[in-house]
Amino acid sequence: MSDQVYDIASRLALAVPDRSSSFVSNARSVLISKTEGATPGHYSDGWTFYNESKGKAFRVLFFPHYGQKSYEDQVNNVMPNLGQGFWSDFSVSILCQVMLNITNSVKNSLNGGNINNDVNNAMNRLRNEWYSWYGYMMFNTYDPVKSIMQEASNKRITNNQIGETYCKYMKSTPFLLATKTQLIDGYFSDWALYQHLEKMKYLGVSDNDINGVLQTFLDNGIKLPSNMTQSTWKSYVWTDNLSWTDFRSDCQSGVMAGYYTSYTGGSSYSEEGNSREFIASSQPGGKYWQSQSSCCFSGNTKVLMADLTSKPIKDIQQNDIVLCPGGKTGKVAFVSTPKRNNRTLYSIKGIEGMEFTETHPFLQSPKENNQKFITINPIKLMENVPTLSHEGISPLMKNSHILQYSISEKKELSYQVLEVNESNNKQVTNDEMLYDVIIQSENETSVSEYFVGNGGSNIWLGVSSEIPKIHIAPVAGLCVITILEEIWPFIHNLIENKKITEEKLFYTLQSNLSNLITSGLQVHQHQKQNKIALQNVTVSDSVNVNMSENLQMIVNNVFAGLTTNNSNTTVVNNTVTTRATINTANDHNEENDKLLYNQLKGAVYEIILSETGSKIMNLLNNGWRMLPSPEMKDENLNKFSIHLFSIELQQPLDYNDIQLNMIMENVDNSKEESFQLSLQKSNNNTFVSLNQMKYYDVSSISPMTMMKLKLMKDNIPLDYTATIYLPSTLPIYMYCYVDIKDKNEKTIGKMALDLRRLNDELMNEEKERKKGWNDSEKLSSSAIDICHSIAGTVSNYLTQIMNN
């Protein structure tokens with residue numbers, strides 16, 4: 001062995017970087033940059049009005065400060081088994097994971113399970129290869145190793161010579177004895193050992209020879225850490241896994257960005273516009289898109305009819321009479337028929353064939369903790385269907401109890417769930433439909449609930465429809481249905497005459513409907529000279545509601561119109577008129593037209609509910625809040641208001657009189673503020689009304705502002721926190737749900753917030769309006785006018801889109 005080679009090898013063995021070495025963080029940062037730079041795709045040029053993003057590369061939109069780092073161009077050469085396609089796919093998954101964690105509305109359209117699985121799978125592949133990258137960066141950027149190797153090169157000593165000598169040095173008695181004196185509980189330090197193996201691998205030592213070194217250690221009583229054995233050392237985690245938190249600060253502004261688009265008669269704000277475009281059909285993130293609203297059954301699920309016969313839900317028609325809980329019957333108003341859109345279906349052991357989505361609400365019996373509903377994903381259901389959380393939502397799992405109707409005994413029982421499993425029913429086509437029955441409201445206590453089963457087991461379980469509860473939020477439920485009926489003739493005409501495709505229609509509604517609601521309410525509010533007529537409608541915090549006769553008449557009339565075949569309902573001056581909406585040409589099949597009509601209308605209903613249901617309920621229930629007029633310039637709106645509306649929890653908290661602490665990060669002169677809460681306002685402690693307001697100067701809000709909230713008890717944190725990320729362009733109005741997470745980052749509930757742009761005059765006016773507002777006042781007499789304003793705004797916008 002040459003003395004020169006031995007000197008180089010022994011000194012190289014002593015050059016062991018620590019974890020805080022800059023080259024370690026640089027090696028990681030290059031992989032992050034490589035992922036950002038691989039972001040594929042462009043913002044489309046079609047479908048929407050011009051905005052500053054159209055036609056731009058997504059990499060530019062999401063990572064505007066990206067610049068290729070030193071050695072980034074070597075990543076593919078060093079890890080050839082991954083290839084550029086890996087980085088492109090990984091960038092899509094990780095970017096969607098950012099959206100899943102920080103957006104307010106787009107996250108509800110993402111399949112979080114698939115995203116997280118793909119990120120985890122990508123990291124598994126990367127961990128199997130990144131030992132090569134670590135070794136490359138060590139030899140090229142870690143100065144002690146780099147200088148030794150430069151010296152070897154000057155002496156014409158090859159890597160193979162150094163590697164062979166290094167391997168012998170590691171097996172030598174002096175090294176083994178010295179190592180034993182440094183063992184920790186008999187084990188070789190995993191970090192130190194990894195550095196040796198990396199250097200040998202980079203120098204060309206074979207895997208067999210490296211494993212031979214490890215065997216020598218074992219033979220000499222040196223224990224190996226479990227992550228540094230002969231079979232595990234290559235996937236050693238020399239740095240934490242890459243995750244969305246590594247990319248959040250770089251892309252937050254682009255992910256949260258929204259855009260105002262003006263059209264004749266108004267304007268629309270596309271909330272999180274870049275992100276919506278990224279997950280649109282045919283775009284890179286489109287594979288993760290799923291419908292927001294998910295409360296449905298597969299077509300072969302049976303529905304129990306009033307005469308105790310059963311019918312597949314796909315065959316249920318308007319005016320059919322179904323059995324309802326409590327010995328009642330209900331007339332079918334319509335059947336919601338959205339497309340499956342990659343949603344996973346589930347089944348209950350013993351009732352296979354009855355397949356449902358993860359958020360369909362079943363009726364719990366007996367109620368536990370005074371919670372009426374159970375579902376597989378309570379957190380998502382809280383957002384999908386407004387009002388359900390007011391009565392409590394628990395997880396559906398083994399041993400849960402569901403309301404059951406027994407045909408043989410002709411009475412209601414309690415069914416204990418044996419097991420809940422994912423269905424084997426995989427989506428085959430993009431046109432597969434799901435179904436939910438909407439039942440006509442007969443009076444102020446009516447609820448849309450019915451029984452489902454598989455028809456063979458003779459087990460019939462009680463479920464709730466996907467519709468806001470009329471008895472909890474009468475005006476909100478009315479508005480959702482009325483808006484559908486108001487805009488349906490216009491939409492049907494566009495489709496019938498091939499003026500717009502279904503894909504373009506759905507994309508436009510999902511991207512803009514929520515904010516067109518705001519525009520419609522702005523029009524309504526300022527047409528009334530900022531004075532919205534109020535009618536006393538007593539709505540208590542409990543389930544019982546006393547609706548006015550006028551409101552009840554409107555509800556009955558709307559549902560009456562819904563059950564009129566092949567017609568559309570329009571409410572004018574609190575009366576209902578119907579008109580034909582299907583123009584069947586001679587070359588059309590009438591039954592097929594009717595089927596397509598029902599499916600399309602069901603899909604539009606689902607979009608309206610998922611995009612606007614919670615928002616409408618909030619706007620109406622907080623009618624004292626103000627909105628700027630449509631003509632008011634953005635630069636004149638100098639105030640930003642935050643209304644902490646409510647907390648909705650999956651399980652009751654065992655605390656009373658807790659505190660909510662709030663702090664705005666990156667806000668000038670911000671300080672932590674505390675609000676006192678009382679969880680005794682709800683009989684199940686799962687829905688807590690907050691009704692806390694805070695106003696900020698818009699100039700103090702930066703593009704990277706975050707609002708952090710934490711629950712406290714006696715000034716001690718309860719390990720429950722929520723974070724909201726604000727968009728760089730603040731919207732006129734945004735109603736959103738923020739995840740409440742425990743210390744393990746598990747979501748345990750939602751916090752509802754109302755965010756608005758105002759000026760000093762509007763801020764002062766709503767403060768005065770609030771003084772004269774009480775919980776029994778809801779917007780009812782003006783609700784139909786509001787529906788007209790909203791429907792007119794939507795129709796106007798669609799007209800402009802069509803002509804754009």
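Heads up: numbering here begins at 1 and tracks the sequence. As the structure is a computational prediction, the values presented were derived from the model and not from experiment. What you see below is based on every heavy atom in this structure, not just the backbone, and it leaves out hydrogens, waters and symmetry mates.
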Should the pair [X] and [Y] be assigned to parallel (<30°), tilted (30 to 60°) or perpendicular (>60°) ring geometry?
X    : Y    : value
F58  : Y43  : tilted
W238 : W130 : tilted
F86  : F90  : parallel

Whether the [X] and [Y] side chains hold a donor-acceptor pair (N or O, under 3.5 Å, no angle test) is what I'd like checked.
X    : Y    : value
Q161 : T158 : yes
E272 : S105 : yes
N208 : S206 : no
N26  : Y71  : no
D73  : Q68  : no

For L12 and K199, which heavy atoms make the closest approach, and how far apart are they?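 Residues L12 and K199, closest heavy atoms: O-NZ, 2.8 Å.
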Could you report the tightest heavy-atom contact between Q230 and N211, atom names first, then the distance?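 Result for this residue pair: NE2-O, 2.9 Å.
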Using the benzene-type ring in the case of Trp, are the ring centres of Y134 and Y236 under 6.0 Å apart?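 Distance test on ring centres: not under 6.0 Å, no.
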Are H196 and F175 close enough that their ring centers fall under 6.0 Å?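 Yes; F175 has its ring centre under 6.0 Å from that of H196.
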Can L660 and Y720 be said to form a side-chain contact (heavy atoms from CB on, under 4.5 Å), step by step? CA-CA 10 Å; L660 175 67; Y720 299 132; over 6 Å; no
In Å and rounded to the nearest 0.5 Å, what is the [atom1] to [atom2] distance from [X] to [Y]?
X    : Y    : atom1 : atom2 : value
E198 : K234 : CD    : NZ    : 10.5 Å
K34  : E72  : NZ    : CD    : 6.0 Å
I393 : K380 : CD1   : NZ    : 13.5 Å

Residues V75, V30; criterion side-chain contact (heavy atoms from CB on, under 4.5 Å); working and verdict: CA-CA 8 Å; V75 170; V30 173; 4.1 Å; yes
